[in-house]
Amino acid sequence: MIYVPEKAVTKRASFAKEDVMQDYLDGLLKEPEDPADVTARTARLLEQAALDIATEEAGAPGPDVVTPAPVTPLPVIAPSLPEQTQFEQINQALQAVEAPPVIPARAHLKDQLEERFQALFFEVAGLTLAVPLITLGGIHKLDKISPLFGKPDWFKGVMLHREQKLNVVDTAIWVMPEKYDQNLAEKLNYQYLIMLSDSLWGLASDKLVNTVTLSKQEVKWREVTGKRPWLAGMVKDKMCALLDVSQLITMLNSGLGSQD
């Protein structure tokens with residue numbers, strides 16, 4: 001279910017500037033010493049990242065995305081095709097991805113992946129996130145969402161899809177609650193729902209960036225246990241967070257936010 005927009009076909013992507021995002025993501029990989037300090041530092045870094053991205057999209061040259069030959073080739077979905085045709089091809093592409101071996105749920109994501117693996121990169125409020133394809137349940141065009149009372153603020157509501165009730169996560173609130181305010185909320189333009197494995201949870205996304213084949217050496221893996229189990233590591237060259245979907249699902253099922 002991988003939709004590759006025109007910007008990805010030209011091998012350009014709006015990844016955040018390295019000098020900004022590396023500090024931010026490096027900080028996430030470590031245990032925070034003082035929650036107040038971490039919140040303030042995160043807010044500053046994300047603000048600078050958003051500014052860099054806006055400058056880049058306005059015409060400043062950005063880094064080329066080097067895409068190695070994929071282990072399991074996926075078709076490029078041409079943006080000129082009708083939307084229904086795009087999503088039909090997306091479904092076929094995802095079915096071709098080999099399922100991972102059965103591994104205990106608490107196993108580290110690094111141990112579940114092959115030496116080379118494919119990942120989908122997507123954006124939320126200017127922040128780029130990545131998810132391994134083998135843990136991706138699909139991508140849907142975001143449709144009418146029905147809010148539910150008594151849920152956490154990051155629970156955006158339920159979206160009906162083929163008689164299934166999909167749980168929509170307001171990803172900006174969940175990932176960076178310390179940065180979320182009315183100004184950021186007005187700038188969000190959620191268009192897609194990134195489904196997590198075979199669960200009914202989906203992450204709202206502004207934009208799909210690209211699919212890239214990575215090696216394990218290209219990821220700075222999270223070594224500290226305890227805090228932020230949803231963060232598997234950082235993709236070094238792209239300066240973005242790699243999500244551990246199984247841990248993320250466990251937290252969402254328990255009603256936990258990213259910092260709980």
Side-chain angles (χ1 to χ4, degrees), residues 1 3 24-25 28 31-32 35-36 38-40 42-43 46-47 49-50 87 94 105-106 109 120-132 135-208 222 225-232 240-260:
M1 286 187 163
Y3 167 75
Y24 166 57
L25 292 167
L28 291 183
E31 293 286 348
V38 171
T39 296
T42 299
L46 287 174
E47 186 172 351
F87 280 91
L94 197 63
R106 292 186 177 275
L109 177 64
L120 169 71
F121 291 80
F122 62 97
E123 277 191 14
V124 176
L127 181 66
T128 305
L129 302 171
V131 57
T135 62
L136 178 65
I139 301 174
H140 303 305
K141 189 74 175 178
L142 207 57
D143 204 348
K144 181 180 178 181
I145 300 173
S146 301
L148 296 178
F149 294 104
K151 297 292 184 179
D153 55 358
W154 49 261
F155 190 97
K156 197 167 182 64
V158 171
M159 185 183 89
L160 289 178
H161 178 73
R162 297 180 180 176
E163 300 183 355
Q164 280 190 316
K165 294 181 179 180
L166 306 181
N167 300 318
V168 181
V169 176
D170 192 322
T171 316
I173 297 180
W174 197 89
V175 173
M176 43 186 174
E178 72 286 346
K179 179 64 176 176
Y180 194 88
D181 56 19
Q182 186 61 34
N183 184 51
L184 178 60
E186 292 174 356
K187 293 179 180 179
L188 286 171
N189 183 28
Y190 288 141
Q191 300 184 66
Y192 302 98
L193 189 63
I194 312 296
M195 298 305 299
L196 304 176
S197 189
D198 57 356
S199 76
L200 295 178
W201 289 104
L203 303 179
S205 168
D206 294 330
K207 182 167 60 176
L208 306 179
R222 176 177 177 272
T225 58
K227 293 284 187 178
R228 304 183 184 90
W230 58 273
L231 181 62
C240 71
L242 182 66
L243 304 181
D244 187 324
V245 168
S246 64
Q247 295 287 359
L248 180 50
I249 292 172
T250 298
M251 295 181 71
L252 294 173
N253 285 338
S254 300
L256 300 177
S258 64
Q259 299 181 356
D260 294 334

What are the two closest non-hydrogen atoms of [X] and [Y], and how far apart are they?
| X | Y | result |
| --- | --- | --- |
| I173 | D153 | CD1-O, 3.6 Å |
| L242 | P132 | CD1-CD, 3.9 Å |
| A204 | L193 | N-CD1, 4.0 Å |
| H161 | L166 | CB-CD1, 3.6 Å |

Any side-chain heavy-atom pair from [X] and [Y] closer than 4.5 angstrom?
| X | Y | answer |
| --- | --- | --- |
| W230 | T250 | no |
| Q259 | P177 | yes |
| V245 | S197 | yes |
| L129 | V131 | no |
| K156 | V169 | no |
| L196 | T135 | no |
| M195 | H140 | yes |
| W174 | L256 | no |

Item to complete: Only counting residues at least two apart or in another chain, list the ones meeting side-chain contact (heavy atoms from CB on, under 4.5 Å) with L148.
Response: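 Counting only residues at least two positions away or on another chain, L148 forms a side-chain contact (heavy atoms from CB on, under 4.5 Å) with K151, F155, V158.
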Just how far is it from atom [atom1] of [X] to atom [atom2] of [Y], taken to the nearest 0.5 Å?
| X | Y | atom1 | atom2 | answer |
| --- | --- | --- | --- | --- |
| L109 | L243 | CG | CG | 9.5 Å |
| S205 | I194 | OG | CD1 | 4.5 Å |
| I145 | M159 | CD1 | CE | 7.5 Å |
| L252 | W154 | CG | CH2 | 5.0 Å |
| S258 | M176 | OG | CE | 10.0 Å |

Next on the checklist: Quick check with a 6.0 Å cut-off and a 45 degree axis cone: is K141 positioned over the face of Y192's six-membered ring?
Outcome noted: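 The answer is yes, since K141 meets both limits relative to Y192.
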Would you be so kind as to tabulate the donor-acceptor pairs closer than 3.5 Å made by side chains of residues 181-190, with sequence neighbours excluded?
from: D181; atom 1: OD1; to: N183; atom 2: N; distance (Å): 3.2
from: D181; atom 1: OD1; to: L184; atom 2: N; distance (Å): 2.8
from: Q182; atom 1: NE2; to: E186; atom 2: OE2; distance (Å): 3.3
from: Y190; atom 1: OH; to: D170; atom 2: OD1; distance (Å): 2.6
from: Y190; atom 1: OH; to: T171; atom 2: N; distance (Å): 3.4
from: Y190; atom 1: OH; to: A172; atom 2: N; distance (Å): 3.0

- Give the C-alpha distance, both sets of side-chain angles, the deciding distance and a yes or no for side-chain hydrogen bond (donor to acceptor under 3.5 Å, both in side chains) between D244 and S246. CA-CA 6 Å; D244 187 324; S246 64; 3.0 Å; yes
**Request:** Can you sort out the partners of W201 under side chain to side chain donor-acceptor pair (under 3.5 Å), two or more places apart, ordered by chain and number?
**Result:**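 Result, side chain to side chain donor-acceptor pair (under 3.5 Å) vs W201: N253.
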Q) Can you check whether D206's main-chain N or O pairs, donor with acceptor, with E123's side chain at less than 3.5 Å? A)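 Absent.
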